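Take a look at the structure set out below.
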Amino acid sequence: MTYDTVVIGTGLAGLTAALRLADEGQRVLVVARGVGSTHLAPATIDVLGYANEVVDSPMQALSSFADTHPQHPYARLSAEQIGASIDWFKGRLPALGYRGGLEENFLLPTAVGVARPSAVVPETMANGDLRAGGRFVFVGLKGLKDFYPAYLAENLGRVSAVSARAIELTPRLDGEADVGSLGFARRFEQPEFRDAVVHRLAGLLEPEERVGFPAVLGLGNAGDVWRELETRLERPVFEVPTLPPSVSGIRLHEAMNDALRQSGGRIVVGSPIVGAESGNGRLEGVVARASARPTTYRARSFVLASGGLAAGGIQVDSYGKIREAVFDLALANLPAADGRPPFLPTYLEEQPLDRVGVAVDDRLRPTAEDGQPRYENLYAAGATLAGAVPWREASGNGISLATGYAAAGAILGSDS
């Protein structure tokens, strides 16, 4: 089976590269072990939220951040490239109504009441911006675990200029005690369920309050549900990201999958890559383990977006050996190289393994120990790359989007 490009990984980085290439007329295959990290994280595009302190404007901070972090993926990209990836993303998925850009970060409440900076957010979350202060009420749904509005409101109430309180609803669940976020998302797509929620909130809301729901306002038509609730409640409504599974992340994943298929791309999930064929400095094919027999997919170009340690793209065995899982590529920032232990006893501090990843050149091609590309036609994107600590920087989806977009641009021969 021969393609123009084979992309390994179905997270945001892989799907971004695949969709951009398919839109340009390439025959693209995405192959992966599973669905990627989109199902775990909120669908916000966090470009750069922290650089020693909270970042107000990613545009203003990116240049100095790249200078002080020369191994970071952002050091391989210009602010213009990152901005172009955001513009492309917002225009390519208009149904999700993303808002924002590099100029300034939103400050959105999390499920535990922390203000999180994010550059680009779904329209269903934008009204939760805390920067202007104001009055907020958070609506809990009995039967939905891991979302505690009173805890959220109490923590958020410590933020200057923000007044927050909680309301707990007991919706009809037809005998189910533990519905879960996906179950509630499906219920919000039912008109009678929305009617019941609006009826129960009648008389409980105070003037000028913004109304926060857990991020379960539907799956395929969340925008319509959100707009209806705003109209009927006569107040700004917004979603608060919940713990996994992430309904907003699933929406993003499904929207990108649908767009890719409509552009002619093919997706194969459940077939991990177990081998590769190469010659003359080029990757010629990858071997996937299918249910019946191994299948070789050949292409002119390849994109590795299999994720980092959390996703299994970087693996640590029981002896402490660290390796890239698909092609056994050279890794940067290995703890053993400077005598550091792989783990520190302080749980909430940066760990030596956090910045481990694949080393790449300025075209995002993985390099060997001598600094030269391992394969002329292999590119890497997303959490596979070395040098970032996304959980500390609030940069994960921003890195994935920008590097996936840039990897596609390198394959297409574009500078952006």
Side-chain angles (χ1 to χ4, degrees), residues 2-11 13-14 16-18 21 26 28-33 70-77 271-289 294 296-309 311-317 321-337 353 355-388 399-400 402-415:
T2 303
Y3 298 85
D4 292 312
T5 301
V6 169
V7 178
I8 302 165
T10 57
T16 296
L21 292 168
Q26 284 209 1
V28 178
L29 168 71
V30 177
V31 60
R33 181 190 304 271
Q71 291 186 315
H72 197 279
Y74 285 155
R76 305 291 183 186
L77 306 171
S271 297
I273 302 300
V274 295
E277 298 178 2
S278 61
N280 298 319
R282 293 181 62 84
L283 192 61
E284 297 175 349
V286 292
V287 182
R289 185 175 65 219
T296 300
Y297 299 109
R298 303 183 183 280
R300 292 184 299 166
S301 301
F302 298 81
V303 178
L304 178 66
S306 54
L309 281 163
I314 308 297
Q315 296 180 343
V316 183
D317 67 17
K321 181 180 179 180
I322 308 168
R323 62 181 295 271
E324 186 275 313
V326 177
F327 301 109
D328 201 19
L329 297 170
L331 296 175
N333 301 322
L334 290 170
L353 288 178
R355 297 184 187 270
V356 173
V358 172
V360 295
D361 66 9
D362 288 340
R363 297 184 62 204
L364 299 182
R365 294 178 298 179
T367 56
E369 285 78 2
D370 60 2
Q372 298 300 309
R374 172 76 175 272
Y375 301 110
E376 294 178 6
N377 59 337
L378 174 63
Y379 303 81
T384 305
L385 300 174
I399 292 171
S400 292
T403 56
Y405 182 86
I411 291 171
L412 294 168
S414 168
D415 292 332

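Hydrogens, waters and symmetry mates play no part in the numbers below; they use all other heavy atoms, side chains included. Every value quoted in this text rests on a predicted model; they were computed, and no experiment measured them.
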Original post:
For F327, what residues pass the ring-ring contact (aromatic ring centres under 6.0 Å, His included) criterion, not counting sequence neighbours?
Top reply: none

Subject >> With sequence neighbours excluded, residues passing salt bridge (charged side-chain N to carboxylate O under 4.0 Å, His left out) with D370 >> reply: none

Subject >> Residues which pass side-chain contact (heavy atoms from CB on, under 4.5 Å) with A330, listed by chain and number, not counting sequence neighbours >> reply: E369

**OP:** Can you sort out the partners of Y74 under side-chain hydrogen bond (donor to acceptor under 3.5 Å, both in side chains), two or more places apart, ordered by chain and number?
**Re:** none

Subject >> Qualifying residues under side-chain hydrogen bond (donor to acceptor under 3.5 Å, both in side chains), relative to R374, sequence neighbours excluded >> reply: none

**OP:** Go through the structure and list residues passing side-chain contact (heavy atoms from CB on, under 4.5 Å) with A383, not counting sequence neighbours.
**Re:** none

Counting only pairs under 3.5 Å, give me each side-chain donor-acceptor contact of residues 271-282, with atom names and distances, residues two or more places apart or in other chains.
from : atom 1 : to   : atom 2 : distance (Å)
E277 : OE1    : R298 : NH1    : 2.8
E277 : OE1    : R298 : NH2    : 2.8
R282 : NH2    : R300 : O      : 3.1

Original post:
Sequence neighbours excluded, which residues qualify as side-chain hydrogen bond (donor to acceptor under 3.5 Å, both in side chains) partners of T5?
Top reply: Q26

Original post:
Residues two or more places apart in sequence or in another chain: which of them pass side-chain contact (heavy atoms from CB on, under 4.5 Å) with A311?
Top reply: none

When the side chains of residues 360-368 are checked against the rest of the protein, which donor-acceptor pairs come out under 3.5 Å, sequence neighbours left out?
from : atom 1 : to   : atom 2 : distance (Å)
D361 : OD1    : R363 : N      : 2.9
D361 : OD1    : L364 : N      : 3.1
D361 : OD1    : R365 : N      : 2.9
D361 : OD2    : R365 : NE     : 2.9
D361 : OD2    : R365 : NH2    : 3.0
D362 : OD1    : R76  : NH1    : 2.8
R363 : NH2    : Y379 : OH     : 3.3
R363 : NH2    : A410 : O      : 3.2
T367 : OG1    : A359 : O      : 3.4

Subject >> Non-neighbouring partners of Y375 that pass side-chain hydrogen bond (donor to acceptor under 3.5 Å, both in side chains), sequence neighbours left out >> reply: none

Original post:
Sequence neighbours excluded, which residues qualify as side-chain contact (heavy atoms from CB on, under 4.5 Å) partners of S400?
Top reply: L12, A13

